[in-house]
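Here is the structure we will look at, set down as structure tokens.
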Amino acid sequence: MDEGELVEYFRTQMSQDPDVASAVAAIRSLLEFLKRDQSETILGLRENLTKAIGRLQEADSSVAVSSGGELFLRFISLTSLENPDLSQCRNVMIERGELFLKKISLSRGKVAKLCHTFIKDGAKILTHSSSRVVLKVLESAAADKKRFTVYVTESQPDSAGKLMADKLRRLNIPVTVVLDAAVGYIMEKVDLVIVGAEGVVESGGIINKIGTYQMAVCSKAHNKPFYVVAESFKFVRLYPLNQQDVPHRFKVSSFKCASCLLIPPPIS
Amino acid sequence: SKTLFFISFEPFRGGLDCATVEPLFYCSVSSDLEEKRIPLPSNSQSLQSCTVTVFILFLQIPLRSDYGYKVSLFSHLHQYSRKAPLTQQISIPATVIHPSIVRLGLQYSQGIVAGSNARSVALLHAFKQVIQDYSTPPNEELPRDLVNKLKPYISFLNQCRPLSASMGNAIKYIKKEISNIPSQCKEEEAKKKLLLCIDNYVNEKITLAAKAISKCAIDKISDGDVILVYGCSSLVNHILCEAFEKQRKFRVIVVDSRPRLEGREALRRLVKRGIRCTYVLISAVSYILPEVSKVFLGAHALLANGYVMSRVGTSQIALVAKAYNVPVLVCCETYKFCERVQTDSFVSNELDDPDDLIVTREGKTQLADWQSVKSLGLLNLVYDVTPPDFVDLVITELGMIPCTSVPVVLRVKNVDQ
């Protein structure tokens with residue numbers, strides 16, 4: 001499987017299932033790459049995988065693909081110590097890969113199960129832009145017969161907040177779309193803030209859609225709890241000291257938003 | 001209040017002939033005191049034997065006397081004068097203390113060897129010399145005897161200048177290595193093994209660690225950065241020189257403070273490499289901080305609760321940097337991590353010579369007779385403690401960790417050993 005095919009496979013995965021996390025799709029594609037790989041040695045296999053991950057990151061520069069790829073590579077290096085025979089090793093890797101993939105596909109459900117207890121009856125929740133994990137959390141809270149209202153920021157420039165509001169309306173959850181600039185205004189009314197994350201960094205912070213930091217600072221000022229819901233494969237080996245320290249490729253939009261205008265990078 | 005006791009050994013029957021020994025034991029004295037002579041009862045056999053052991057222990061190291069008035073908050077610490085080094089009080093022949101240790105002690109107390117890494121490396125080299133010159137006495141085993149031999153050296157060095165955390169860890173390592181030597185091992189082999197162990201320790205924990213830390217740290221230095229450093233940390237200077245070799249474009253602001261003025265040494269080293277530097281005193285730090293993009297600090301030790309112990313003034317700089325939202329990075333090797341927990345700078349610190357604070361300007365020395373003023377105390381603190389909320393990142397050879405991960409590293413290291 002060459003690199004062009006890999007990217008095609010990845011893209012088809014993403015378009016077939018709009019609900020799948022990009023890291024999961026990346027790991028699925030890498031597993032497929034591993035299955036079709038023809039190298040003779042473990043070192044060769046590792047090199048091919050590293051190149052494949054690099055190619056995937058070029059195709060989709062989001063944090064999640066980077067963390068997913070690194071997780072997969074690390075997991076491969078751990079298995080390779082056990083079996084000296086390459087074909088046996090590869091079979092073990094593939095088996096473990098499938099198991100790993102199955103586990104992480106279930107992770108969103110697990111997060112939702114853990115988180116919905118934080119939402120009390122009658123709560124007013126503020127969220128930012130469109131996050132599938134947050135949607136799952138709110139879905140399971142609604143299924144638990146809890147009554148709550150949601151405020152979503154419009155989240156320009158791609159107006160993803162409006163999409164989120166549509167999805168929530170379909171679940172019969174009362175939702176209001178607010179302007180990004182109205183976060184400070186609305187903060188006194190809400191009880192808690194829940195956001196998703198693109199990536200979780202080593203210092204404990206998160207990388208997320210632009211506007212999340214303002215929301216966090218505002219909620220701290222109002223002493224409102226600020227919750228982040230993220231699957232474990234989003235943990236990335238970065239330690240940014242400030243906004244500038246985040247690598248540039250993680251700051252611009254990934255190919256998913258190809259339909260919307262390409263967002264120019266923030267002024268550095 | 002302390003009491004003085006002179007132990008003057010009258011030769012006692014059946015015991016050792018100690019008429020040639022001079023009384024060597026004295027500690028700090030209160031001025032109103034009377035001498036009491038207590039004759040040692042020499043009829044009890046057990047008393048004789050225990051006095052013999054006591055005699056051997058006390059023979060070893062003279063105690064250094066404190067100098068000058070100590071500020072009451074720090075009265076539990078020692079304050080020595082540089083003009084009265086411990087080596088002047090040693091009247092016993094140097095067979096008790098190895099000459100390289102005596103030299104090292106003098107270098108410490110006079111400040112010739114200063115800085116955490118330099119002191120540890122000098123200590124380990126002196127111990128190598130001790131081990132090379134050591135020969136096991138008959139009826140003794142090398143592991144136990146050598147460890148016992150090292151104890152008076154360590155207390156001597158402690159008297160010259162209180163041991164640093166890095167030195168403490170190095171000594172623990174050496175003692176462990178010595179006691180782990182199998183008893184059937186021949187002396188030559190054992191000595192060779194120990195020397196190799198010490199070389200490995202210095203290489204791994206200090207030299208290679210510095211390389212690993214600079215590799216990590218260079219990622220954090222971007223072009224156009226203005227980096228603030230405080231005092232002279234060998235590790236931070238190494239990082240900046242390496243970054244400059246790798247063609248990073250940055251400039252450095254060196255902050256300095258009295259009375260040690262160590263920043264001048266750092267300045268000299270950086271300017272020699274060609275790095276653009278600015279030099280300010282610590283009183284100007286809030287003026288210069290709006291220009292700064294990062295602060296790099298060295299550490300003397302990292303405590304188990306995440307606090308950073310470093311040269312006095314470091315916590316001040318970290319505080320002001322936090323107020324200006326400038327990231328503070330601490331660079332520290334893992335051998336400086338210690339199990340101690342401290343939340344303030346009083347409980348355990350070091351007091352330097354108070355006479356260092358006296359300065360002569362335009363021929364006038366204001367504080368020349370500070371001792372005569374009863375209500376005046378001069379305080380020359382050496383270390384202070386920075387809380388982890390002011391530190392954004394700690395760079396160690398294990399990678400970049402937040403300050404709160406220090407106990408995790410300690411736990412992992414203990415498991416390894």
Side-chain angles (χ1 to χ4, degrees), chain A residues 50 53-54 57 61 63 66-67 69-71 73-75 77-78 81 184 197 199-208 210-221 223 226 228 230 232-252 265-268, chain B residues 212-229 236 239 243 248-250 289-297 306 317-318 321-332 388-409:
Chain A
T50 324
I53 292 173
Q57 279 179 353
S61 69
V63 185
S66 161
S67 65
E70 217 193 289
L71 218 76
L73 200 59
R74 207 180 314 159
F75 146 80
S77 336
L78 287 173
L81 297 169
V200 181
V201 294
E202 273 186 79
S203 60
I206 59 163
I207 298 180
N208 201 18
I210 194 105
T212 316
Y213 183 47
Q214 273 146 239
M215 198 181 278
V217 174
C218 236
S219 72
K220 182 83 182 183
N223 284 323
F226 187 89
V228 174
S232 61
F233 52 78
K234 288 185 178 162
F235 281 53
V236 67
R237 305 279 287 179
L238 265 182
Y239 203 125
L241 298 169
N242 45 26
Q243 306 292 335
Q244 266 206 357
D245 223 8
V246 179
H248 186 74
R249 61 182 199 277
F250 293 148
K251 293 194 228 183
V252 295
I267 305 164
S268 47
Chain B
I213 292 176
S214 354
K215 225 173 21 163
C216 273
I218 286 175
D219 286 332
K220 288 294 175 201
I221 301 180
S222 30
D223 286 341
D225 259 347
V226 180
I227 298 178
L228 187 130
V229 299
V236 174
I239 291 171
R248 293 276 198 277
K249 308 267 176 295
F250 59 93
L289 254 168
E291 288 182 20
V292 173
S293 62
K294 289 191 180 77
V295 177
F296 271 75
L297 299 172
I317 293 197
K322 186 75 180 183
Y324 281 91
N325 266 322
V326 173
V328 173
L329 290 79
V330 169
C331 309
C332 183
D389 345 322
F390 297 153
V391 177
D392 289 297
L393 177 62
V394 175
I395 309 182
T396 66
E397 71 262 25
L398 300 173
M400 297 191 262
I401 57 172
C403 238
T404 42
S405 289
V406 170
V408 179
V409 172

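We name chains A, B, ... by the order of the sequence lines, and we start the count at 1 in each one.
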Test of understanding: with side chain to side chain contact (heavy atoms under 4.5 Å, CB included), list the residues that count as partners of A/C218, not counting sequence neighbours.
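For A/C218, the residues satisfying side chain to side chain contact (heavy atoms under 4.5 Å, CB included) (neighbours in sequence not counted) are A/V183, A/M187.
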With a 4.5 angstrom heavy-atom cut-off, which part of B/I401 approaches chain A: side chain, backbone, both or neither?
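Only the backbone of B/I401 comes within 4.5 Å of chain A.
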Only pairs under 3.5 Å, no angle test: what donor-acceptor pairs are there between chain B and chain A?
{"unit_1": "B/K220", "atom_1": "NZ", "unit_2": "A/Y239", "atom_2": "O", "d": "2.4"}
{"unit_1": "B/K220", "atom_1": "NZ", "unit_2": "A/D245", "atom_2": "OD2", "d": "3.1"}
{"unit_1": "B/D392", "atom_1": "O", "unit_2": "A/Y239", "atom_2": "OH", "d": "2.8"}

For the atom pair CG (A/L241) and CG (B/L329), what is the distance rounded to the nearest 0.5 Å?
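It comes to 5.0 Å.
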